[in-house]
Every structure is written in C-alpha cells, then in structure tokens.
Peer 1: 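I'd like to ask some things about the structure below.
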Amino acid sequence: MPQTMPQLTMLVATRNAHKVQEIQAILGDTVRYLSLRDFPEAPAAAEDEPTFAGNAAKKARELARWLQGRPGMEFRIPGVNAYVLADDSGLEVDALQGAPGVHSARFALLDKSGRPPAGSGNAPDAENNARLLQLLQDVPQERRTARFRCVLSLVRVKPPQPALAGQLFEGVCEGRIDQSARGTGGFGYDPLFIPAGHARSFAQLGAEEKNRISHRAQALARLRQWLTSIGQLPPSHHE
C-alpha cells in the first residue's frame, strides 16, 4: 500500500466490545476503529429481515445514511476512506430446523409463533443458552449438529465510489451443541458450541484460536482479502 494512502476508518455498527476486538485482531492495527459507543446518539436499526444478509445490509445502509450530512462528521470520521461495517450472525441448530437463526440474540424471548415481542431487546446470554439446552435435552449427541453463520456488510460512508456500497462477506463454522456450558471466554453461545474437529468449546479455545476458525473470522478474512485487493489494506504475511 502506498505511503500516501489515507488511513482507513471503520465504523463497526455494534456496541459489543468483543466483536470490535475480534475485527481488530483480523483486520490489523492500520485501521482506525470506531463503534456505536462513539456515536451513542445513533438510532438502532430494527433487525426484522428474514436473513442474516438482509439484517447486515440494512444496519450498514441505515447507519451510513444517518451519518451522511451529520454536523461535524468530518471531524468524527475523518478522511475519504471511511466505511460502515455491520454484521448479523447467529446459531443454526439442525434439530431445531435452523433455529434460533436470525433470532439468536433474542432466543429466550420468542413467543410460541417463534417471533420476539415487538420492541424487545436482546435477552441475556445465560437465558438464551438455558433455553437452547432445554429444547435439546432429549436430542442425542449425533443429532446436535449446528453451525455459526456470519454475514458482514460493508458500506462506504463518503463519495466518490458509491458503487462500493453493499459488499457482503459470509463465513460459516460447523460444529455441534454440547450437553452443558463449558468455559468462560467469548460470549453468546460460545460455551455450548464445539467447532468441528475440536473437543473444546469456543469459550474454552481462547481468542487466538477462535479468531482463526470462527464464522466471523472466515467472513473477516474474505473482507480483508477484498480490501487488500483494492489497495485499502496492506497484504498480511499470510498473503
């Protein structure tokens, strides 16, 4: 990457510090990272699309649209190389016909129709995990197959290249749901998910190993490869 290339600024559409840390670990330290913690006044996007890709794209577009024309945006997000990065990710369990899916963060709140109450936020991780274990309590080990899926949406905040808006990057990590929670690391369903080829849960593997194999890591690797191909990031030592 030429020395004159302006620094890339990435506004990650989340208040989850764990996600920002995972993204930084993979994209590297040459990027300036911001999150919704830096923009507490940003409106929340309703995650009401039926797919991960739909939710990710909606969150990225709405946040980018909100940012455009905001007073002082040039000071808060300097330079032309500014993007919004949004993701939607979750757990798909085969024995539950793909649930919790797009409702992974609100699984404990779902009603009998499989929908969250109007206006509800996310449920605590412990409650989501408890509901999942309850629903799978009579499911034998060989039928507890599952996968984590992540879709990233990248939208350029500023001109001159609006055609770059709407880039999507997907990653999938296959595995299974354990009989009980194990480990204290990570977040969400990490204590229950055993990735394929491993005997330990995501919560036990540690950040370095998880960031090598996770669904988000795979999607971010594809994002990094794309940003490198257009000259926005320097090649890593693996490329």
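Predicted model, so just to flag it, every value in this text is computed and none were measured.
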Peer 1: Would you kindly confirm whether Phe107 and Phe193 end up in one hydrophobic cluster when ILVMFWY residues are joined by side chain heavy atoms under 4.5 Å apart?
Peer 2: yes
Peer 1: How far apart are the closest heavy atoms of Cys150 and Asp87, and which atoms are they?
Peer 2: SG-OD2, 3.9 Å
Peer 1: Considering all heavy atoms of both residues, which atom of Ala82 and which atom of Ile77 are nearest to each other, and what is their separation?
Peer 2: CB-CG2, 3.5 Å
Peer 1: Is there a continuous path of hydrophobic side-chain contacts, each under 4.5 Å between heavy atoms, that joins Phe148 to Leu133?
Peer 2: yes
Peer 1: In terms of hydrophobic clusters joined by side-chain contacts under 4.5 Å, are Leu168 and Leu85 together?
Peer 2: no
Peer 1: For Lys19, is there an ion pair with Glu22 - N to carboxylate O distance below 4.0 angstrom?
Peer 2: no
Peer 1: With heavy-atom distances below 4.5 Å as the criterion, would you say the side chains of Val84 and Trp66 are in contact?
Peer 2: no
Peer 1: Any side-chain heavy-atom pair from Thr30 and Pro234 closer than 4.5 angstrom?
Peer 2: yes
Peer 1: Looking at NE2 of His215 and CG of Leu220, how far apart are the two atoms once the value is rounded to the nearest 0.5 Å?
Peer 2: 10.0 Å
Peer 1: Compare every heavy atom of Ser201 with every heavy atom of Pro191, then report the nearest pair and how far apart it is.
Peer 2: O-CB, 3.6 Å
Peer 1: Atom CD1 of Ile194 and atom CZ of Arg200: how far apart are they, to the nearest 0.5 Å?
Peer 2: 10.0 Å
Peer 1: Considering all heavy atoms of both residues, which atom of Gln68 and which atom of Arg156 are nearest to each other, and what is their separation?
Peer 2: NE2-O, 4.3 Å
Peer 1: Evaluate His103 against Arg106 for side chain to side chain contact (heavy atoms under 4.5 Å, CB included), listing each step before the verdict.
Peer 2: CA-CA 5 Å; His103 301 304; Arg106 295 163 286 179; 3.8 Å; yes
Peer 1: Could you check Val31 against Ile23 for side chain to side chain contact (heavy atoms under 4.5 Å, CB included), going step by step and ending with a plain yes or no?
Peer 2: CA-CA 10 Å; Val31 178; Ile23 291 168; over 6 Å; no
Peer 1: Hey, could you give me the CG/CG distance between Leu109 and Asn128, rounded to the nearest 0.5 Å?
Peer 2: 7.0 Å
Peer 1: Find out if a path of hydrophobic residues (ILVMFWY) with successive side-chain heavy-atom gaps under 4.5 Å connects Val12 to Leu227.
Peer 2: yes
Peer 1: May I ask you to decide if Asp178's main-chain N or O and Arg144's side chain share a donor-acceptor pair within less than 3.5 Å?
Peer 2: yes
Peer 1: Indicate if Leu36 and Val157 have the same hydrophobic cluster label, given that clusters are the connected sets of ILVMFWY residues with side-chain heavy-atom separations under 4.5 angstrom.
Peer 2: yes
Peer 1: Could you tell me whether the side chain of Leu63 reaches within less than 4.5 Å of the side chain of Phe39, counting heavy atoms only?
Peer 2: no
Peer 1: Taking Arg131 for the side chain and Leu110 for the main chain, is one N or O donor matched with an acceptor at less than 3.5 Å?
Peer 2: yes
Peer 1: For the pair Glu62 and Arg65, evaluate salt bridge (charged side-chain N to carboxylate O under 4.0 Å, His left out) and give the outcome as yes or no after the intermediate values.
Peer 2: CA-CA 5 Å; Glu62 290 192 0; Arg65 188 178 301 119; 5.3 Å; no
Peer 1: State, without any angle test, whether Asn81 and Gln7 hold a side-chain donor-acceptor pair at a distance under 3.5 Å.
Peer 2: no
Peer 1: If you define the side chain from C-beta out and look only at heavy atoms, does anything of Gln218 sit under 4.5 Å from Cys173?
Peer 2: yes
Peer 1: Is there a side-chain contact between Leu96 and Leu132 (heavy atoms, below 4.5 Å)?
Peer 2: yes
Peer 1: So Arg224 and Phe169, side chain to side chain contact (heavy atoms under 4.5 Å, CB included) or not? Walk me through it.
Peer 2: CA-CA 10 Å; Arg224 193 189 203 293; Phe169 308 89; over 6 Å; no
Peer 1: If we only count heavy atoms from C-beta on, is the Leu91 to Ile177 side-chain gap below 4.5 Å?
Peer 2: yes
Peer 1: For a 4.5 angstrom cut-off between non-hydrogen side-chain atoms, does Pro100 reach Val93?
Peer 2: yes
Peer 1: Any side-chain hydrogen bond (donor to acceptor under 3.5 Å, both in side chains) involving residues 184-196? Give me the pairs, sequence neighbours left out, ordered by first then second residue.
Peer 2: Asp190-Lys210
Peer 1: Whether the side chain of Glu127 engages the backbone of Pro124 through a donor-acceptor N/O pair (distance < 3.5 Å, no angle test) should be reported.
Peer 2: no
Peer 1: If you count heavy atoms of other groups shown closer than 6.0 angstrom to CD of Glu142, is the number above 12?
Peer 2: yes
Peer 1: Holding to side-chain contact (heavy atoms from CB on, under 4.5 Å), I want the full list of residues that pass it with Arg147, two or more places apart in sequence or in another chain.
Peer 2: Glu92, Asp94, Arg149, Val172, Glu174
Peer 1: List, one per line, each side-chain donor-acceptor pair under 3.5 Å for residues 43-54, sequence neighbours excluded.
Peer 2:
{"residue": "Asp48", "atom": "OD1", "partner": "Lys58", "partner atom": "NZ", "Å": "2.6"}
{"residue": "Asp48", "atom": "OD2", "partner": "Lys58", "partner atom": "NZ", "Å": "3.3"}
{"residue": "Thr51", "atom": "OG1", "partner": "Gly54", "partner atom": "N", "Å": "2.9"}

Peer 1: How far apart are the closest heavy atoms of Ile26 and Ala217, and which atoms are they?
Peer 2: CD1-CA, 3.4 Å
Peer 1: Which atom names give the shortest non-hydrogen contact between Leu136 and Ala95, and what distance separates them?
Peer 2: CD2-CB, 4.1 Å
Peer 1: Set out, in order, the CA-CA distance, both residues' side-chain angles and the distance that settles side chain to side chain contact (heavy atoms under 4.5 Å, CB included) for Leu205 and Ile213, then state yes or no.
Peer 2: CA-CA 10 Å; Leu205 286 178; Ile213 65 172; 3.9 Å; yes
